[in-house]
Every structure is written in C-alpha cells, then in structure tokens.
*Asks:* 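Mind looking over this structure? Questions follow.
All chains are named by letter (A, B, ...) in the order of the sequence lines, taking the proteins before the strands, and each is independently numbered beginning at 1. Just so you know, these numbers use all the heavy atoms, side chains as well, and skip hydrogens, waters and symmetry mates.
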There are 2 protein chains.
Amino acid sequence: MLETITRMKTADARDRLLESARKSESEKRGRKASKEVRQLQLIEATIDSLAKRGYSETTMADVADGAGLSRGIVNFHFESKEKLLIATLQHMYDEYSTHWRNALQKAGDDPAQQLQALVAADFDRSICNKRKLAAWCAFWGEAKSRPTYQALSSARDAVYQTIFIDLCATLKQSGDYAYEPQVMALALSAMLEGLWLRLMMGTEDTTRETALQSANEFLSAAFPKHYPWKAAGATKP
Amino acid sequence: MLETITRMKTADARDRLLESARKSESEKRGRKASKEVRQLQLIEATIDSLAKRGYSETTMADVADGAGLSRGIVNFHFESKEKLLIATLQHMYDEYSTHWRNALQKAGDDPAQQLQALVAADFDRSICNKRKLAAWCAFWGEAKSRPTYQALSSARDAVYQTIFIDLCATLKQSGDYAYEPQVMALALSAMLEGLWLRLMMGTEDTTRETALQSANEFLSAAFPKHYPWKAAGATKP
DNA sequence: CACCATTTGTTGAACATTCATTCAATATGG
DNA sequence: CCATATTGAATGAATGTTCAACAAATGGTG
C-alpha cells in the first residue's frame, strides 16, 4: 500500500518547481508553462481554497480563479476534482515526509537530539502555518468516509511512528525509565497532532512558540535525564 | 460569547428525550411525536450521516432518509441545513460538556483523582466512539472557515482548559514539580485531542483502551508522585 | 359523544441554484 | 503547420428550499 505513496521527488526538485510556480505573476498569466509547474500552481491554489473556504466549499471555479486561470483548466491537468484533491493531499504528504526526514538526518547520531529535532520540525514555519494546517484539517474531516484519503491523511505515518517507538525504546534503556516505548510514543505523537489541531483552530492564545514549548515540556517530563528542566521558565511566577 | 452556549438541559431531561427518540420504530413512523423528540431524532440522523458520509456529502435527503421521514421535514423543524448542523454541533457540545462536569463532580476532592477522572471521561464509551468522533472531526474540518462553528467546535473549551491549568498548578505545589502549569495543561489537553483524532482515523491499531493507557502513561510521566508507575506493564519485554 | 374548525405536523413534487464536467473553438510554441 | 495548452460557454446532475395538499391531533360546541 505504501509503495505508491513513498515515491516522492527530491526536496530540491520540488522547491525549484514551487519557485517557478510562485514567482512572476506576469509570466504565468496566459503564457504556457511546463506541465509540472502548472500542476503545482493549481495544487497551491487548491490549498489556498481549502484553507480559506474549507473542504465542502472548495470548488473547481475557486481553484481556477485562485490560480488566475480559466474554468476548464483543472479538468485538463487533473482528470477530475477528486484527483486534484488526491494530488493535493499527496503533495502535502510528500512535503511533510521530506521535511521530517531531513530534520532527522541533520540531527546527528544522538537519539535525544534526534527526537527533539523531530518534534521541532513539526513546528517549523514551512510546515506549520495556518494555511497548511487548515488544509490538513480539511482532509481529516473527510478521511474516514473516503478510503482513498485514509492512507495519506495522517501526515505521521507508520514509518514515522516506528521511528518514534525506536527512539523511545533507546532513551528508555539509556535513561532507565519505566514507560512502555510504544505507549509513550503514541502519547507523544498524539500530542503533536493535537497541538496542530489547536494551532489550526487558531484561538490566538496558542502560537507556534507556545505549542513548541508545550511539546518540549512534555519531553522534559517523559525523559527528565535527557532533557533537564531549564529554559521552561522554572518556578518563577 | 459563552452565555448562549452554556445554556443546556439537565442530563436527565436529555436522556429521557433521547430514549423516546430511539425506542419504538413502530411508533415514530408516520405518527406524530413531540417537537423536541423529532428534533433529537433528526439530530441523531445527522450525526449518523456525518459519520458515514462526511461533512461534504451529508445531504438533507440522507438525513431525512436516515430518520425514516420525508424530504421536507428537516426544513420544517430546522429552518435550514446550516441551522440543523449548528444544532447538531451544539448538541454534541452540550453532551460532552455535561459528561466531563459529571465526571469531575463524582471524582471527589482530591486533585489527582479529579484530573484522572477528566482524562478517563474522555475515553468513555458514551462519548468516545467512532460515530461521535467522526462527527466531531467533520466539524473540525469546517470550523476554521465558518465563524459560527468556531466557538462550539472545540469540545474542550476555555472553562475546561482553566480547570486543567488549575489542577496542574495544584499538583505542582503538592508534588514540587518543575513544569509551568499552563504549558503542561496545554500539552495534556492537546494529547487528549490528538488521541481522539487517532481513534477516529481508526487504523485499528489504536483502540479506546490503548489510548487511555497512553494518556495515563503521560500522567505518570508528568506527575510521578501522584500517579506512580505500576499497571503500565513495567519493564517486562 | 358527534361534529366541525383550527392548529400543527408531514409529505412529495416542483423549483432554482450551484457546480463538475464536456467540448468545440482558439491561441501558443516549436 | 502540428501538437499541445487554454478558454469559456453549454450541459446535466445533485441538492437545498419552497409550497400546496393532506393527515392527524386538538378543542370547542351542541
């Protein structure tokens, strides 16, 4: 099931395309552009629409308008609305996946630093912003009733979860903790998703910084020997 | 903003109505029923439809069919589709709210037991089942783009959050912990919501029991003096 | 109790609107 | 000039809403 999903372009290639899709409003209007650039442009417009109007109010017309193109264009590049939405979800999934893999790779060999890097990656601006979070949530709302979405709708997939469990297990050994790795990993990743949900609801009292702070507080509580209390503001009122 | 929301029937009165709405298929068909019973019947059918087909595919016809009534009936009892959905959301909000308040009241005076009671209440069968979770998530997906939903769409409201913060503060004093109550409370409630999300996605590897176990593991990690490690399976492989 | 009037609930067809999709015509680049 | 991309109007299906007709309860009256 995952083999069709895990195929993804390199981050470099995607960024180059994205750049082309975004820059030069003057150039894209009316002018031809490569197939991939146009598709990315439409996908970005879809994310915009999902964020602004929600899933149920996202229309082909709105996507086309948002991209500054004509009505019929979406059915030309994507066969149908459903396929456009699937491509959009796949795009976000790939982006998220690439992002945490990069963060993990840059974190070095220390498990504690790796785990913290994964957590921090979740709240990076490029991934964690109102627009993208709203789009994610739009898909979540439809995922249960649409089998096609189910595999992709949880950004944090089975591989991600396995890595979390492994990290928790490693830290448990080196820190002599009492928890069950699998159980703690579930609590941790659920909290990350829950914080996303809070950020998306956007009640203004929760910001990206606050959320990250909460996540780190969780790490300090669960792995006190690896993440000693300090920056958290201590006991000062 | 909250004064219109907090008005809610007593749990007793609501349960009685629900009972009437559910029982005796023979009686409700074609026969007249009190206004309130019929409205509850339609709300239940709406939740069914949301859970089965998702927000965007929930139609008035499907709701009417689900309730075994005719097409035009919904516009008679609720003025429009939008008002039906708002009433449905309000119903779920009231139900959730009543539920945790009851759980809190039954928990006695010990803060540690109160907190655990609130956590456990989240995973009670009556609140936490596929049908209801799916309906919640359907609304989450639309909440950001619909101001009317925003106040109601987060089951755990400001009052709930304040209580969480207070409990965390109290436990901090009695246990001499290092965390910041506000930050820890956010982590905790976010994790609860995240676990709901996981349960709703329903990948079968997460059950109500597993989720509750994770939540309790969190409590043991954050408040070790109040929730000592024991039932968690210890270090046995 | 019988009768009728009124209110209230219910039905299902008709209507209007929105929207995804199609496609013939047109424009563009190679 | 050919292949490809793009346009925008036409089409048809889905769906929320309206409403006239009908049915059931209610209540008053003799």
Side-chain angles (χ1 to χ4, degrees), chain A residues 17 20-21 24-43 45-46 48-50 52-88 138 142 145-146 148, chain B residues 17 20-21 24-43 45-46 48-50 52-88 138 142 145-146 148:
Chain A
L17 284 174
S20 311
S24 66
E25 298 283 326
S26 57
E27 196 183 354
K28 76 182 180 196
R29 260 194 186 268
R31 294 243 145 264
K32 271 194 184 174
S34 89
K35 209 157 189 136
E36 273 192 320
V37 168
R38 187 97 323 157
Q39 287 183 356
L40 257 179
Q41 184 188 356
L42 289 170
I43 285 177
T46 305
D48 285 340
S49 185
L50 286 171
K52 191 175 36 156
R53 316 179 30 145
Y55 187 97
S56 68
E57 304 259 294
T58 288
T59 67
M60 300 288 262
D62 193 52
V63 170
D65 289 354
L69 297 170
S70 75
R71 298 291 153 96
I73 197 65
V74 188
N75 286 91
F76 178 79
H77 284 286
F78 302 87
E79 196 175 321
S80 65
K81 183 183 183 182
E82 191 185 359
K83 291 193 176 164
L84 166 69
L85 289 168
I86 290 172
T88 302
E142 298 291 320
S145 52
R146 253 170 260 253
T148 326
Chain B
L17 284 174
S20 309
S24 65
E25 299 283 327
S26 56
E27 197 182 355
K28 77 183 179 195
R29 264 197 181 263
R31 295 244 143 262
K32 271 193 184 173
S34 90
K35 208 157 190 135
E36 274 192 319
V37 168
R38 188 94 328 154
Q39 286 184 356
L40 257 179
Q41 183 187 358
L42 289 170
I43 285 177
T46 306
D48 284 341
S49 186
L50 286 171
K52 190 175 35 155
R53 318 183 21 148
Y55 187 98
S56 68
E57 304 260 291
T58 287
T59 67
M60 300 287 264
D62 193 52
V63 169
D65 288 354
L69 298 170
S70 75
R71 299 287 153 98
I73 198 68
V74 188
N75 287 90
F76 177 80
H77 286 285
F78 303 87
E79 197 176 321
S80 65
K81 183 184 183 183
E82 191 184 0
K83 291 193 176 163
L84 167 68
L85 289 167
I86 290 172
T88 303
E142 298 292 320
S145 52
R146 253 169 258 251
T148 328

*Asks:* Write down the distance between CD1 (I73(B)) and P (dT17(D)), rounded to a whole number of angstrom.
*Replies:*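 After rounding, the gap between these two atoms is 15 Å.
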
*Asks:* Which residues satisfy the side-chain hydrogen bond (donor to acceptor under 3.5 Å, both in side chains) test with K52(A), sequence neighbours excluded?
*Replies:* none

*Asks:* Using a heavy-atom distance cut-off of less than 4.0 Å, which residues of residues 75-83 of chain B contact DNA chain D?
*Replies:* N75(B), S80(B), K81(B)

*Asks:* Mind checking T58(A) for me? I need base, sugar-phosphate or nothing, with any heavy atom below 4.0 Å counting as a touch.
*Replies:* sugar-phosphate

*Asks:* Mind checking what makes side-chain contact (heavy atoms from CB on, under 4.5 Å) contact with T58(A), not counting sequence neighbours?
*Replies:* S49(A), L50(A), V63(A)

*Asks:* Apply side-chain contact (heavy atoms from CB on, under 4.5 Å) to S70(B) and list each qualifying residue two or more places apart in sequence or on a separate chain.
*Replies:*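 Counting only residues at least two positions away or on another chain, S70(B) forms a side-chain contact (heavy atoms from CB on, under 4.5 Å) with I73(B).
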
*Asks:* Taking the minimum atom-to-atom distance to the side chain of R71(B), which one of dA20(C), dG9(C), dG12(C) wins?
*Replies:*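 From the listed options, dG12(C) comes nearest.
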
*Asks:* So, is R38(A) close to the dT6(D) phosphate, meaning a side-chain N or O under 4.0 Å from OP1 or OP2?
*Replies:*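 The answer is yes; a side-chain N or O of R38(A) sits under 4.0 Å from OP1 or OP2.
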
*Asks:* In whole Å, I'd like the distance from the CD atom of Q41(B) to the C1' atom of dT10(C).
*Replies:* 12 Å

*Asks:* Can you list the residues that meet the side-chain contact (heavy atoms from CB on, under 4.5 Å) rule with N75(A), with sequence neighbours excluded?
*Replies:* M60(A)

*Asks:* Enter the inter-axis angle for the ends of the helix from dC1(C)-dG30(D) to dG30(C)-dC1(D) (five pairs per end, rounded to 10°).
*Replies:* 10°

*Asks:* Enumerate the salt bridge (charged side-chain N to carboxylate O under 4.0 Å, His left out) contacts for residues 68-81 of chain B, please, sequence neighbours excluded, ordered by first and then second residue.
*Replies:*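 Sorted pair list: D65(B)-R71(B), E79(B)-K83(B).
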
*Asks:* Only counting residues at least two apart or in another chain, list the ones meeting side-chain contact (heavy atoms from CB on, under 4.5 Å) with S145(A).
*Replies:* E142(A)

*Asks:* When you compare the side chain of T148(A) with that of L85(A), does any pair of heavy atoms fall below 4.5 Å?
*Replies:*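 Contact flag for L85(A)/T148(A) side chains = no.
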
